[in-house]
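Reminder, nothing fancy here: chain letters follow the sequence lines and each chain counts from 1.
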Protein chains: 2
Amino acid sequence: MQLQSQPDNSFDSIIATGLFDGADEAVTQSLAAGTSQQFIKKGTVLFIQGDEAKYVYIIHNGWIKLFNETLDGDEAIVDILTTGDYFGDSAMFGNQCYTFSAEVAEDVTATLIPIQQFRNIIEEHPVIAINMLSNMSRRRKQQDMELEHRTLQNAPQRIGCFMLRLCPEGVTKNILIHLPYDKTLVAARLGMQPETFSRALARLKKEAHIEVQGATVHISDLNELTTYSCSACSSSYPCE
Amino acid sequence: MQLQSQPDNSFDSIIATGLFDGADEAVTQSLAAGTSQQFIKKGTVLFIQGDEAKYVYIIHNGWIKLFNETLDGDEAIVDILTTGDYFGDSAMFGNQCYTFSAEVAEDVTATLIPIQQFRNIIEEHPVIAINMLSNMSRRRKQQDMELEHRTLQNAPQRIGCFMLRLCPEGVTKNILIHLPYDKTLVAARLGMQPETFSRALARLKKEAHIEVQGATVHISDLNELTTYSCSACSSSYPCE
DNA sequence: CGAGGGTTTGAAGTGCATCAAATAGTGTGG
DNA sequence: CCACACTATTTGATGCACTTCAAACCCTCG
């Protein structure tokens, strides 16, 4: 692993998750003691499935891919996370081992909290446990949606839905968004092959009237895209 | 709703979930006050998606189907729960509304805890919050697996995998299990059509050498079934 | 017995995966 | 700044798994 330690002067990134809302000074103090903020390069594998859990990671910047590998070399994307997300917490409760592998998909800045320390903080500060519960139940809901999407939406619709979640709220016309990471990874994230992604994107362009230039997407009319993507779904835009 | 209230003398079902492990007398007392245990008939709809959340349900017995409905009438199964499972808790943290619908798939006995009361208990008893976190992270892991299964396993493998999770631990030869609910529901649970289920089951019979009589399944050699089902998966039997 | 739901079987269609190959894009060293 | 190597993306052709529609069968229960 290529890690470059940096002095950690702020907890902006931590606070961003909403995890430590309502926590008192004592908590931030105690956090500052054991944590480190690190810059980690694309391609670095943070840990693999089955490793003993050492840290909870809070992402400040960049992208992290969580995945599982099967016996015959296939890869299942668990999630792809970015700013404000955290992971590794689930290992705190089970057998203390990570249940997935983590790789840096785009250069990352992250805060690492030793897992035992994190656990202590939770046990001593109910507020944070509640915050975590709140976070977790939101994520569970998202996972439910994910499964629903896989079942009910076809490839072009899934891509459209993915784009919708990248759109800023409030605006409905002339939206410009950027795909967050390379298309192969987006494809994997959406549970399809790169070839399928390419073809599905082409269909989406035609049928929902959007324009794509590399990683840049131009959506002239949001309604058209929602109509196209969300019709097969149990919740309409904004789907959360 | 056809509800029949019954006096609630024991908290066996509550304790079964592991939710209240380590909680003191005060908690159980306070629970007994507001809760009721009820018998509810197959087909009853407990609530639908969007309803204001009133209770957390703890299942004592029977089966509950959680699902979402899409605009065009399709149905996506979120989960199918039984003895020891609980649901409705996620609504405590968000907008206080259920994010899915719940229907009784097989006659149920359940304990209903008013949501505000549950929330109070959590806030006052960190132990229970930790228990919930522990439960939630286990369920999240299961959902990860679920998504992986949908992606990597074909229909017969998914059925085999489902059966494996019904097998008692330790035994490897001559296992008898019973499918928990009607085949249409199993199919939906596994994300396939009833017709596909029927055909896939037929293939499974041939290729993994199991016998099926109605809802009864006879597995003469467990290893054969695990080899057949788990090869495409990132974790081998017993897969959690 | 006959009605109705659950289950199976058949035939045809669709969507995605796979394999193969061409093309575009990116970064490297000369 | 160009040529090369290497990777990402696109395009084409084909196959397979699952869906869909239709009809038969089975089972249970009034």
Inset, instruction - Please round to 10 degrees the angle between the axis of the first five pairs and the axis of the last five pairs in the helix from dC1(C)-dG30(D) to dG30(C)-dC1(D). - result: 30°
Inset, instruction - Applying ring pair (Phe, Tyr, Trp, His ring centres under 6.0 Å), name anything that partners Tyr98(B), two or more places apart in sequence or on another chain. - result: Phe47(B)
Inset, instruction - Just jot down the side chain to side chain donor-acceptor pair (under 3.5 Å) partners of Ser198(A), sequence neighbours excluded, or say none. - result: none
Legend entry - Within 6.0 angstrom of Tyr55(A) OH, more than 12 heavy atoms from elsewhere: no
Legend entry - Distance, rounded to the nearest Å, where Ile159(A) contributes CD1 and dT10(D) contributes C1': 13 Å
Inset, instruction - Could you state the atom-to-atom distance from CZ of Arg150(B) to C1' of dC18(D) in whole Å? - result: 13 Å
Legend entry - Pairing residues for Tyr228(A) by the ring pair (Phe, Tyr, Trp, His ring centres under 6.0 Å) criterion, not counting sequence neighbours: none
Legend entry - Ion pair Glu146(B)/Arg139(B), N-O distance below 4.0 Å: no
Inset, instruction - For residues 63-82 of chain B, pull every pair meeting ring-ring contact (aromatic ring centres under 6.0 Å, His included), keeping only residues two or more places apart or in separate chains. - result: Trp63(B)-Tyr181(B)
Inset, instruction - Enumerate the residues from residues 206-216 of chain A whose closest heavy atom to DNA chain C is under 4.0 Å, giving them by residue number; use none for an empty result. - result: none
Legend entry - Base versus backbone protein contacts along nucleotides 4-20 of chain C [heavy-atom cut-off under 4.0 Å; B, S, -]: ---SSBBB----SSBB-
Inset, instruction - List in chain and number order the residues that pass side-chain contact (heavy atoms from CB on, under 4.5 Å) with Leu166(A), two or more places apart in sequence or in another chain; answer none if no residue qualifies. - result: Phe162(A), Ile177(A), Leu179(A), Pro180(A)
Inset, instruction - Any ring-ring contact (aromatic ring centres under 6.0 Å, His included) involving residues 182-218 of chain A? Give me the pairs, sequence neighbours left out, ordered by first then second residue. - result: none
Report all interatomic pairs (protein N or O, nucleotide N or O of nucleotides 25-30 of chain D) with separations under 3.5 Å.
none

Inset, instruction - Could you tell me which residues satisfy side chain to side chain donor-acceptor pair (under 3.5 Å) with Arg203(B), sequence neighbours excluded, listed by chain and number? - result: Glu207(B)
Inset, instruction - Can you spot which of Leu66(B), Asp79(B), Val78(B) makes a side chain to side chain contact (heavy atoms under 4.5 Å, CB included) with Asp144(A)? - result: Val78(B)
Inset, instruction - Give, for atom OG of Ser234(A) and atom CE of Met145(A), the distance between the pair rounded to the nearest 0.5 Å. - result: 5.0 Å
Legend entry - By side-chain contact (heavy atoms from CB on, under 4.5 Å) - contacts of Thr226(A) (at least two apart): Leu164(A), Leu222(A), Asn223(A), Cys230(A), Tyr237(A)
Inset, instruction - For atom CD of Glu52(A), decide whether the heavy atoms of other residues, nucleotides or ligands shown that lie under 6.0 angstrom number more than 12. - result: no
